[in-house]
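Single-structure report; data block below.
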Amino acid sequence: MNLFADIRALVIDCLTEMTTDGLLPDGLSFDNVAVEPPRDAAHGDMATNAAMVLAKPAKMKPRDIADALASRLAADARVNSADVAGPGFLNMRLDAGVWASVVHNALTNADFGKSDLGQGKRMNVEYVSANPTGPLHVGHTRGAVFGDALASLLAYAGYDVTREYYINDGGAQVDVLARSVYLRYLEAHGQEVTFEDGTYPGDYLIKAGEDLKAKVGDAYLDKGEEVWLEEVREFATDAMMTMIREDLASIGVKMDVFYSEKSLYGTGRIEAAIKDLDDKGLIYRGTLEPPKGKLPEDWEAREQTLFKSTDYGDDVDRPIQKSDGAWTYFAPDIAYHFDKVSRDFDALIDVFGADHGGYVKRMKAAVAALSGDSVPLDIKLTQLVKLYKNGEPFKMSKRAGTFIMLRDLVDEVGSDVTRFHMLTRKNDAPLDFDFDKVTEQSKDNPVFYVQYAHARVHSVLRKASEAGMDLSDLAGADLSLATHEAELALAAKMAEWPRLVEIAAKGHEPHRVAFYLYDLASELHALWNRGNDDVSLRFIQEDNVAASQAKIALIKAVSVVISHGLSILGVTPAEEMR
RNA sequence: GGACCGUUAGCUCAGCUGGAUAGAGCGCUGCCCUCCGAAGGCAGAGGCCAGAGGUUCGAAUCCUCUACGGUCCGCCA
């Protein structure tokens, strides 16, 4: 149930009626007619722009349309009044019974807020996809949290979502990993080793070296790469992926599919994808122009196999083979996306870090070409996370190994705080993460503020039960006993939930959920605080069970919405604060 | 040289895809504690939405240019 959709349907019905009655010309499109909450609540409960949108195509004055529409809207039982305002806005006030039905719905219908927007379409969300060369760090964490919340949001909005992780286990970086683990393996055998440039010096590989020793003993000692490289590579990537899975699990991320890049090699799948493009006339041998501006010192023109991505909006064509004939990283990426397309997904989403911004156009070009423009690909970039401690920037150095890992975040502030905070910013804006502020228990901290709202409701429920109040049938409460404007304002904010889900899902913007929850929590706290001054607004009315039930039904419904929202974000709805 | 992202209150940021007088928190100013929790509450001040053009009934939102900041730019993934 989406109240805004219901009222919009009413508006459309009235407009259709007006057309039949000859008040509007035939053939008008009502697509742009919107029903929204007014910017200023004083204007009413709902507003429609119908008159203004239709004025031009109908060649009529907005006010004339608005007046005729207003009287028809007001005839509906749900609409108490409809007034024309400003340039032609139509403001409606809704009957208290409408809000009561929203509350009732939230309490009885477990799917309140869920949407059929997605219509069961199959959506693939690829996120994290960090190289299997070490544990996840802060940047990955943001991508993981964002992708996961987006996937949950889309599922809530009616899509059939697959969460997917692409393991980059086919490139040179896993050779580097293997050599680094080999060094740790030698170390485990008591040898002195040095980590040159081009190896990974991180401590996290020590255990992998020891485990390798436990597995193969001294079999690889004093042997050349040709003996051990392939097996160590396999061993090491497995170890890293196990670590990464644990990292992901610690912030509640669980993938449906782990897709191996390596599985594309030697199976003809890359070749098949390239052939598909070739058949479309998009592959050719050629030489790229040198990049403008500062030239790399060793730049020289070379003939390569190129993908004509400029046909699909890219700036230059992209190489898919190196000059020695080996595939570039782009080739398996094409094959991977070809695979996604051929798995019959209706739409794809990739979540990348900001440093991959340069690959957006070519990836979109590839998918457009491979799918014949039938499968949309949206690429969401997550910007950098800036860490602070005590208000001071937290310096990270890759060389010194002082990288902040996902595990550090979870150990320090917990999964809930990490997740919520990372979703309080748009994905494409940089994010500040202050270790001290995010754990602060005050209203300045949105994480706490929202959880506190949920906990407060449960605190009331506990108190009411302790007082011997019967709460077994809140859905049956007489909500006409809770119609103070402050109570209706809370119900109205809650009624926005289903609409917000659709807006957020359409835009692939889970942060909207976080901001909405903050607003909703804010309304709840405001109502609570008014109870301090106005005893009649307190939720528990000692001498009036029916009124108490109505008020508690209202806030219980709010807590249900909060818990739905939090679960989309992957945050636990706390029932009490410590 | 180019691509992408950003620029909104002193600070940190929202702004529902083109709608009404641009919002929230912090900070600032002034009031308010014998309270279902003051780990606060209420109110107020504070804006040329980076700048300039354009599109139209109407622009923070769309287009063009400029400025500043970030990310990136063949044979690394």
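To find a chain, count down the sequence lines: A is the first, B the second, and so on, and within it residues start at 1.
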State whether the aromatic ring of A/F4 stacks on the base of B/C16, taking stacking to mean ring centres under 5.5 Å apart and ring planes under 30° to each other. no
Tell me if the side-chain of A/N91 makes a donor-acceptor pair with the base of B/A20, cut-off 3.5 Å, by modelled atom types. yes
Pull out every residue in residues 419-428 of chain A that has a heavy atom closer than 4.0 Å to any atom of RNA chain B, ordered by number, or say none. A/R425, A/K426, A/D428
Assuming nearest nucleotide by heavy-atom distance, tell me which of A/F515 and A/L288 is located more 5' along RNA chain B. A/F515
Taking atom types as modelled and ignoring hydrogens, do the side chains of A/Q173 and A/Y329 form a donor-acceptor contact shorter than 3.5 angstrom? no
Whole-Å distance, A/L431 CG to B/G69 C1', equals 17 Å
Exceeds 12 heavy-atom contacts within 6.0 angstrom, atom NZ of A/K556: no
Give the rounded distance in Å between these two atoms: CD of A/Q383 and C1' of B/G70. 7 Å
A/Y449: ring pair (Phe, Tyr, Trp, His ring centres under 6.0 Å) partners, not counting sequence neighbours: A/Y518, A/H525
If the glycosidic angle sits within 90 degrees of zero it is syn, else anti. Tell me which applies to B/U64. anti
Students often get this wrong, so: under 4.0 angstrom with heavy atoms, is A/K56 touching a base, only sugar-phosphate, or nothing? sugar-phosphate
Looking only at side-chain atoms of A/E36, point me to the closest of B/A39, B/U17, B/C36. B/U17
Rounding to an integer number of Å, can you tell me how far A/H511 NE2 sits from B/C13 P? 13 Å
Here the pair of heavy atoms bringing A/A157 nearest to A/A505 is CB-CB, 3.5 Å
Within this structure, what is the CG-to-P distance between A/N445 and B/A39, rounded to whole angstrom? 16 Å
Using the P atom as the reference point in each nucleotide, state the distance between B/G15 and B/U7 in Å, no decimals. 10 Å
Among residues 304-317 of chain A, which ones have heavy-atom contacts with RNA chain B below 4.0 Å? A/Q304, A/D315
What nucleotide, of B/C75, B/A14, B/G40, holds the atom closest to the side chain of A/N529? B/G40
Spacing between A/R538 atom CZ and B/C36 atom C1', to the nearest angstrom: 6 Å
For A/F435 and A/F433, take the angle between the two ring planes, folded into 0 to 90°, and tell me which bin it lands in: parallel under 30, tilted 30 to 60, perpendicular over 60. perpendicular
Contact class for A/A354 vs. all strands (heavy atom < 4.0 Å): base, sugar-phosphate, or nothing? sugar-phosphate
Can you tell me, in whole Å, how much space there is between the C1' of B/G47 and that of B/U8? 8 Å
Is a donor from one side chain sitting under 3.5 angstrom from an acceptor on the other, for A/Y166 and A/D350? no
What is the separation between atom OH on A/Y449 and atom C1' on B/A38, rounded to the nearest whole Å? 14 Å
In whole angstroms, the gap separating P of B/G15 from CG of A/D519 amounts to 11 Å
Integer angstrom distance from the C1' of B/C32 to that of B/A24: 23 Å
